[in-house]
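The structure under discussion appears below in the form of structure tokens.
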Amino acid sequence: MDHFLHPDRNDAGKYPRGITLLRNAAVNHRRSPMVLPWLNEQTQRMAYYVIPRQREQLTSVRDLLVAFVGPSLAKYGYDVPVALDRPNEAPILERYGTGSTFVVQATTDTEERKRLRTALERMVKVVERSPERAWSAPKPLGRLLADFEAALLSGAPQAAETLLQQIDRQGGLSPANVKHLEIRLLAAQGRANKVLALRGLREVLLQDPPVPVKDMVLSALFTAYIEPALAEGELAGAVDALKAPDSHFSLLADGDLLALSEQAVSVLLVGMHGRGDGEELSRSIALLDTEGRGDHVPDALASYRRRAVPAGTVETKSAEPDFATTAEPEPEDVSTKTSLNTWAEIVKAVAQGDKAAFALCRRMDVRRGDTPVQLDAVSDGEIADVFADLTDTEYEVVWQYALGPFLQELTRSDLTFRQTLTTIMRSIVNQRCDPANLAVLDLLLELFLRSAPKAAEYEEFLEQLSVRFDEWVAPETAGQALDFVDRLVAWAAPAPAARVQTAQLLFGPLHVHMRRLDEAYLSTARSISNELGLGLEWPERAPSENDETEPVVGAAQILVYGLDEGVLQRVQDRITRQFPLVKVVLSTEKVASKHLKETARNSDFSVVITQCAAHAATNCIGQYAKEIVYPRGAGSASVTHAAITALYEHAAKQQELSPQLR
């Protein structure tokens, strides 16, 4: 504590009156979060490091900061823990670990800084003196797991991380199953190295985890070790990497090739070569050729290719069960063979608890783009009727297992399922408005608008979507609200009046509290309002008396990755319009190409939209990027906000490291 606040290292320590209350609270209190001021007088950077007393209190501390500070008093940092990578942050990182701390950034205005300090002091006093309470109402485990899956599907990794913390804190899952979910979250973000460095990974693998977990770990091995070696023509180097004790490959060496992704298959083939088992390697390659997956074989192993193996000479293993989702054990054997031929049958089977249907949905999630069930085998009306007939309990199960694969297939298809999308959207709107649901609503809106609806369908969808806007639209959810409006602007409107009315409903609460929006959100709101001709005036942020000390965003290069080209283009336009010296490189690639590697390596940071992203590409970015930023949503407003915030952070760090550049 005293080390961090020492005046030789922290200019805030020169002003005892400003830090005494917070310092004493950090030392003597036991329930309120620790709040440590930081000041660099040379760069005029003022921030408060807010650290929960216990790791499981991250979510509740975030809620406290939103309530006491929010966008009214802080520039950013009050809603998401940050990476601690500045020199002065080393003591906090060493003691409390990564993802442990909120860094609430103050503005440069003296009066606003005083109000921020007062608010934080009030927060500490109120929490310490208040009665003991539970910080969140318990939710059924099944709902938490369903929301976790929905957040991952819709590109809201922060919401998924918060839900994972709540699942862990609430209990009901074994430690191994919680680790399975953690691996899933890290894999969705392309954090291969963190997957391999996960504490307790060996113990998880010793318990023979489900196929999706094995696939994610194998894919992480491919990204971190195998792909770089193969790219350099070093097959021996790839083999040596698998032989290293910390690779854990010996616990993954056996697996059904046909149930795994391309990257995982490559790792297993390299492992066969490393064991000197040429016969098994040849049979495996022949099997892949027979199944039409021969392009998954690394070029360095092509010499093992023979003729196709006669039927029956290669044994395949049955698929393993999915992630456990309740405290009850899952069956150990779930056959890969199933009579489910349409999505209507799959959804019905999942709703009824059919384990084979669960396994089928998980294989779709692992092997994206290789789904055995085609969308055109069922009509829009038929699948809509299936969703409409689900009970609340059945809907929760379908949400968790089948909705993700179904929507992923829909994103890759040219087919239109407007009636089905409207039915799903109506079910979500009428249940709850939490971050996971809002993220799924954004995806449903995107898919619906993409289907070129007729005027009556368009009006009905927007009318249902607008049912509960007043319950969730606020400055704290400005990103989600602006994402919705921006999607309406980006696509043709068969009923322009309905579009304008929906936009006005979304903008209403934001306009009332417009002084609480930061520059990035204000800029987006102003642009959309003008495009729709709403006649709303949004303020220009008044310059503060110390505006010259604000970090100046100079020349920089950033990579923005996602699969929606329209979103990426709007993000690029807005950033380059505001920051002409910033080069924004866009990518929608699904493979780890040489161009993607070089772009990630040469960019100051990368913004990754995880919504339905290709694992090979996100893993590649995670391996080569200097820094990765994950937006809170998949729409252009959320992505632009994340990028601009990161640009200011990058400029501030450069200014701290090189004061002479000011």
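Residues take their numbers from the sequence shown, with the count starting at 1. Source: prediction; values computed, not measured.
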Are E460 and R426 close enough, and set up right, to give a salt bridge (charged side-chain N to carboxylate O under 4.0 Å, His left out), and what steps lead you there?
CA-CA 10 Å; E460 180 188 1; R426 187 182 298 116; 3.1 Å; yes
Roughly how far, to the nearest 0.5 Å, is the [atom2] atom of [Y] from the [atom1] atom of [X]?
{"X": "S587", "Y": "Y561", "atom1": "OG", "atom2": "OH", "result": "6.5 Å"}
{"X": "T422", "Y": "E463", "atom1": "OG1", "atom2": "CD", "result": "11.5 Å"}
{"X": "L510", "Y": "T524", "atom1": "CG", "atom2": "OG1", "result": "11.5 Å"}
{"X": "L144", "Y": "Q400", "atom1": "CG", "atom2": "CD", "result": "10.0 Å"}
{"X": "L410", "Y": "L421", "atom1": "CG", "atom2": "CG", "result": "5.5 Å"}

Counting distance only, does the side-chain N/O of [X] pair as donor-acceptor with the main-chain N or O of [Y] below 3.5 Å?
{"X": "S100", "Y": "G97", "result": "yes"}
{"X": "D168", "Y": "L164", "result": "no"}
{"X": "T599", "Y": "H595", "result": "yes"}
{"X": "D380", "Y": "I383", "result": "no"}
{"X": "T411", "Y": "Q408", "result": "yes"}
{"X": "D215", "Y": "L260", "result": "no"}
{"X": "R191", "Y": "A187", "result": "no"}
{"X": "S523", "Y": "E519", "result": "no"}

Side-chain contact test, heavy atoms from C-beta onward, threshold under 4.5 Å: evaluate it for [X] versus [Y] and give yes or no.
{"X": "Q611", "Y": "L443", "result": "yes"}
{"X": "S466", "Y": "T502", "result": "yes"}
{"X": "D147", "Y": "W399", "result": "yes"}
{"X": "P453", "Y": "F448", "result": "yes"}
{"X": "V567", "Y": "V571", "result": "yes"}

Charged N-O contact under 4.0 Å between D564 and R487:
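The answer is yes: the pair qualifies as a salt bridge.
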Checking T420 against I424 for the side chain to side chain contact (heavy atoms under 4.5 Å, CB included) test, could you report, in this order, the C-alpha distance in whole Å, the side-chain angles of both residues, the deciding distance, and whether it holds?
CA-CA 6 Å; T420 300; I424 297 173; 3.9 Å; yes
Does NZ in K597 sit with more than 12 non-hydrogen atoms of other residues, nucleotides or ligands closer than 6.0 Å?
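Result for NZ/K597: enclosed.
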Got more than 12 heavy atoms from elsewhere within 6.0 Å of CD, E471?
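Buried by this count: over 12 neighbours within 6.0 Å.
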Can you check side chain to side chain contact (heavy atoms under 4.5 Å, CB included) on I346 and C361, steps first, answer last?
CA-CA 8 Å; I346 292 174; C361 289; 3.8 Å; yes
Using the test side-chain contact (heavy atoms from CB on, under 4.5 Å), find all partners of V553 that sit at least two apart in sequence or belong to another chain.
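By the side-chain contact (heavy atoms from CB on, under 4.5 Å) rule, V553 matches F579, V582, L647, Y648, A651.
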Contacts of W491 that satisfy side-chain contact (heavy atoms from CB on, under 4.5 Å) - sequence neighbours left out
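Once residues adjacent in sequence are excluded, the partners of W491 under the side-chain contact (heavy atoms from CB on, under 4.5 Å) criterion are L449, R450.
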Tell me whether the rings of F406 and F417 are parallel (<30°), tilted (30 to 60°) or perpendicular (>60°).
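Perpendicular.
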Please work out whether the ring planes of W472 and F484 are parallel, tilted or perpendicular, with thresholds of 30° and 60°.
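The arrangement is perpendicular - the two ring planes meet at more than 60°.
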Q623: which residues meet the side-chain hydrogen bond (donor to acceptor under 3.5 Å, both in side chains) condition with it, sequence neighbours left out?
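With neighbours one apart ignored, the set is N193.
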If you measure only the distance, is there a donor-acceptor pair under 3.5 Å linking the side chains of Q504 and Q501?
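Absent: no donor and acceptor within the cut-off.
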So, S593 versus E589: side-chain donor-acceptor pair below 3.5 Å or not?
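A pair is found: one side chain offers a donor N or O, the other an acceptor, under 3.5 Å apart.
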Please list all pairs meeting salt bridge (Lys or Arg N to Asp or Glu O under 4.0 Å) that have one or both residues in residues 621-634, counting only residues at least two apart or in different chains.
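Salt bridge (Lys or Arg N to Asp or Glu O under 4.0 Å) check on residues 621-634 returns D79-R632.
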According to salt bridge (Lys or Arg N to Asp or Glu O under 4.0 Å), does anything in residues 473-483 pair up with another residue at least two apart or in another chain? List the pairs.
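Sorted pair list: E476-R516.
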So E227 and Q263, side-chain hydrogen bond (donor to acceptor under 3.5 Å, both in side chains) or not? Walk me through it.
CA-CA 9 Å; E227 192 276 335; Q263 292 180 316; over 6 Å; no
Listed partners of E457 passing salt bridge (charged side-chain N to carboxylate O under 4.0 Å, His left out), at least two apart
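Testing E457 for salt bridge (charged side-chain N to carboxylate O under 4.0 Å, His left out), a comparison that skips the adjacent residues, returns R418.
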Heavy-atom pair with the smallest gap, counting every atom of L201 and V195:
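It is CD2-O, 3.4 Å.
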